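Some notes on the structure that comes next.
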Amino acid sequence: QNHVPLIISPPGYPRTHGQQCAAVTSHLDLAPTMIGWTGVDAGKRASITRDLRGHDLTPLLAKSAAAGVNDVRRATLYCFNMFGYLDSSLLTKIQAYINAGGEKSKLADQGFKPDFSKRGAIRSVFDGRYKYTRYFSPKQHNQPRTLEGIFELNDVELFDLETDPGEMRNLAVEPNKHGELLLAMNDKMNALIETEVDEP
């Protein structure tokens, strides 16, 4: 599945070997959690973590396997913009130039540019069961609010990882059947973008 285990062994907490926690978490939660383990008093800790977007995961250590999927957060957000991988035809052109004897030191002079209209920017959200992803052009950053808006500027995926852990059935291809779920996941995504991303 799409779960990456995080192994934590902080001092001062009982060892719970072999237990797993199902709570949805984010890498943004690591800094507030580790600051919490420093022993700094609550007032100073609040001042230090005031501008951090994550949550302290320490309560999960006590709950461990008994923790609920959404005990810390409703969902987690993944953002990816890698302009070098956006346009594979750009890399093909560069390789053809080099294969034809072109000098690497003169690549900048060749005018190679990616096609930024391609939908290669990614926003994805996972709530413990469903994974919803929008692929869009970097020229068309968007936060749709309607079902029509979701599909206007985005290629869309929606997977139920409980029944389809291999992500073989994209529920988004049936918007008439899964429209409410698409809108619910889209709302979770927009809420996280608004609270965790500086410049959507």
Side-chain angles (χ1 to χ4, degrees), residues 1-4 6 24-31 51-54 73-127 129-161 164-176 178-179 181-200:
Q1 292 191 8
N2 293 312
H3 304 93
V4 177
L6 171 65
V24 173
T25 60
S26 168
H27 65 285
L28 296 178
D29 302 327
L30 295 178
D51 296 324
L52 298 178
R53 275 70 184 266
R73 47 173 61 237
R74 290 179 59 213
T76 187
L77 177 69
Y78 173 79
C79 300
F80 187 78
N81 291 323
M82 182 57 74
F83 298 137
Y85 299 111
L86 178 71
D87 183 4
S88 62
S89 64
L90 169 70
L91 301 179
T92 302
K93 290 173 189 172
I94 291 172
Q95 189 62 54
Y97 166 78
I98 292 170
N99 290 349
E103 296 179 37
K104 291 180 183 178
S105 62
K106 295 183 179 179
L107 268 174
D109 302 330
Q110 304 308 307
F112 294 123
K113 292 182 181 174
D115 179 355
F116 288 115
S117 68
K118 293 189 176 184
R119 293 180 174 180
I122 301 170
R123 297 294 176 271
S124 188
V125 67
F126 174 65
D127 70 356
R129 177 172 179 176
Y130 297 102
K131 185 168 92 170
Y132 167 71
T133 306
R134 293 190 296 106
Y135 300 85
F136 56 92
S137 160
K139 291 182 170 184
Q140 296 176 319
H141 276 261
N142 63 100
Q143 284 181 261
R145 306 290 175 182
T146 65
L147 200 55
E148 295 77 19
I150 289 172
F151 289 95
E152 181 182 3
L153 299 175
N154 304 279
D155 294 325
V156 184
E157 292 177 339
L158 176 63
F159 296 106
D160 181 348
L161 298 186
D164 180 23
E167 299 180 19
M168 302 301 291
R169 183 170 174 244
N170 182 5
L171 302 178
V173 301
E174 300 176 285
N176 293 334
H178 302 289
L181 179 58
L182 281 161
L183 286 169
M185 293 302 292
N186 189 70
D187 287 346
K188 289 178 184 181
M189 177 182 286
N190 283 338
L192 286 169
I193 288 172
E194 287 164 6
T195 57
E196 295 184 355
V197 180
D198 285 327
E199 295 287 338

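Side chains included, hydrogens not; waters and symmetry mates left out as well; all remaining heavy atoms used. This structure is a prediction, so every number in the text was calculated from the model and none was measured.
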Of all the heavy-atom pairs spanning [X] and [Y], show the shortest one and how long it is.
{"X": "L182", "Y": "P175", "value": "CD1-CA, 4.0 Å"}
{"X": "L183", "Y": "R145", "value": "CD2-O, 4.1 Å"}
{"X": "D29", "Y": "G54", "value": "OD1-CA, 3.3 Å"}
{"X": "A121", "Y": "N81", "value": "CB-OD1, 2.9 Å"}
{"X": "N190", "Y": "P144", "value": "ND2-O, 2.8 Å"}
{"X": "D127", "Y": "M185", "value": "OD2-SD, 3.4 Å"}

Query raised in the report: Side chain of D160, backbone of Y130: donor and acceptor closer than 3.5 Å?
Result: no
**Report entry** Results of side chain to side chain donor-acceptor pair (under 3.5 Å) for Q140 - residues two or more places apart only
**Finding:** none
Query raised in the report: Taking only residues two or more places apart in sequence, or in another chain, which ones meet N154 in a side chain to side chain donor-acceptor pair (under 3.5 Å)?
Result: R134, N142
Requested in this report: Indicate yes or no: does D164 engage R169 in a salt bridge with an N to O separation below 4.0 Å.
Outcome: no
Query raised in the report: side chain to side chain contact (heavy atoms under 4.5 Å, CB included) between T195 and R53: does it pass, once the steps are laid out?
Result: CA-CA 7 Å; T195 57; R53 275 70 184 266; 5.8 Å; no
Please round to the nearest 0.5 Å and tell me the distance separating atom [atom1] of [X] and atom [atom2] of [Y].
{"X": "M189", "Y": "C79", "atom1": "CE", "atom2": "SG", "value": "8.0 Å"}
{"X": "L77", "Y": "S26", "atom1": "CG", "atom2": "OG", "value": "7.5 Å"}
{"X": "I94", "Y": "L90", "atom1": "CD1", "atom2": "CG", "value": "4.0 Å"}
{"X": "L192", "Y": "T76", "atom1": "CG", "atom2": "OG1", "value": "7.0 Å"}
{"X": "N170", "Y": "H178", "atom1": "CG", "atom2": "NE2", "value": "9.0 Å"}
{"X": "Q143", "Y": "F136", "atom1": "CD", "atom2": "CZ", "value": "9.0 Å"}

Checking [X] now: which residues fulfil side-chain contact (heavy atoms from CB on, under 4.5 Å) with it, not counting sequence neighbours?
{"X": "F80", "answer": "Y78, M82, I122"}
{"X": "R74", "answer": "K188"}
{"X": "S89", "answer": "D87, K118"}
{"X": "K106", "answer": "Y97, E103, D109, Q110"}

